[in-house]
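Numbering of residues begins at 1 and proceeds along the displayed sequence. Any value given below was found using the heavy atoms of this structure, including those in side chains, with hydrogens, waters and symmetry copies removed.
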Amino acid sequence: MSEPWLSADDVAAHLGVTKDTVYTWISDKAMPAHKVGRLWKFQASEVDAWVRTGGATVPDESSPAE
């Protein structure tokens, strides 16, 4: 049986972020997503692998200034 496709709402809930964050990650951080018509669809396994490899990391802004 194949893995079900998830909506942006589903992925946002899965990751504990807003849907706006999901759309930002698609455009700015190459989050794995597939466009189906006007909708974005996701495979949980692809998203989880992307998170594990650091796809959602935020640059460290706490480095000391010179």
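Remark: Ser45 pairs with Glu3, Gln43 by the side chain to side chain contact (heavy atoms under 4.5 Å, CB included) rule, at least two apart or across chains. With sequence neighbours left out, Lys19 forms a salt bridge (charged side-chain N to carboxylate O under 4.0 Å, His left out) with Asp9.
The shortest side-chain heavy-atom distance between Lys41 and Lys35 does not fall under the 4.5 Å cut-off. A heavy-atom distance below 4.5 Å is not found between the side chains of Asp28 and Tyr23. A heavy-atom distance below 4.5 Å is not found between the side chains of Val22 and Thr18. Counting only heavy atoms from C-beta outward, the side chains of Trp25 and Val17 approach each other to under 4.5 Å.
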Please tabulate, for side-chain N and O atoms in residues 49-56, each donor-acceptor pair with protein atoms closer than 3.5 Å (sequence neighbours left out).
unit_1, atom_1, unit_2, atom_2, d
Trp50, NE1, Lys29, O, 3.3
Thr53, OG1, Ala49, O, 3.2
Thr53, OG1, Trp50, O, 3.0

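Residues Trp5 and Met31 are members of separate hydrophobic clusters, defined by side-chain heavy-atom contacts under 4.5 angstrom among Ile, Leu, Val, Met, Phe, Trp and Tyr.
Rounded to the nearest 0.5 angstrom, Phe42 CZ and Asp10 CG are separated by 9.5 Å.
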Legend entry - Candidate pair Thr21 and Thr24, rule side-chain hydrogen bond (donor to acceptor under 3.5 Å, both in side chains), full reasoning: CA-CA 5 Å; Thr21 298; Thr24 299; 5.9 Å; no

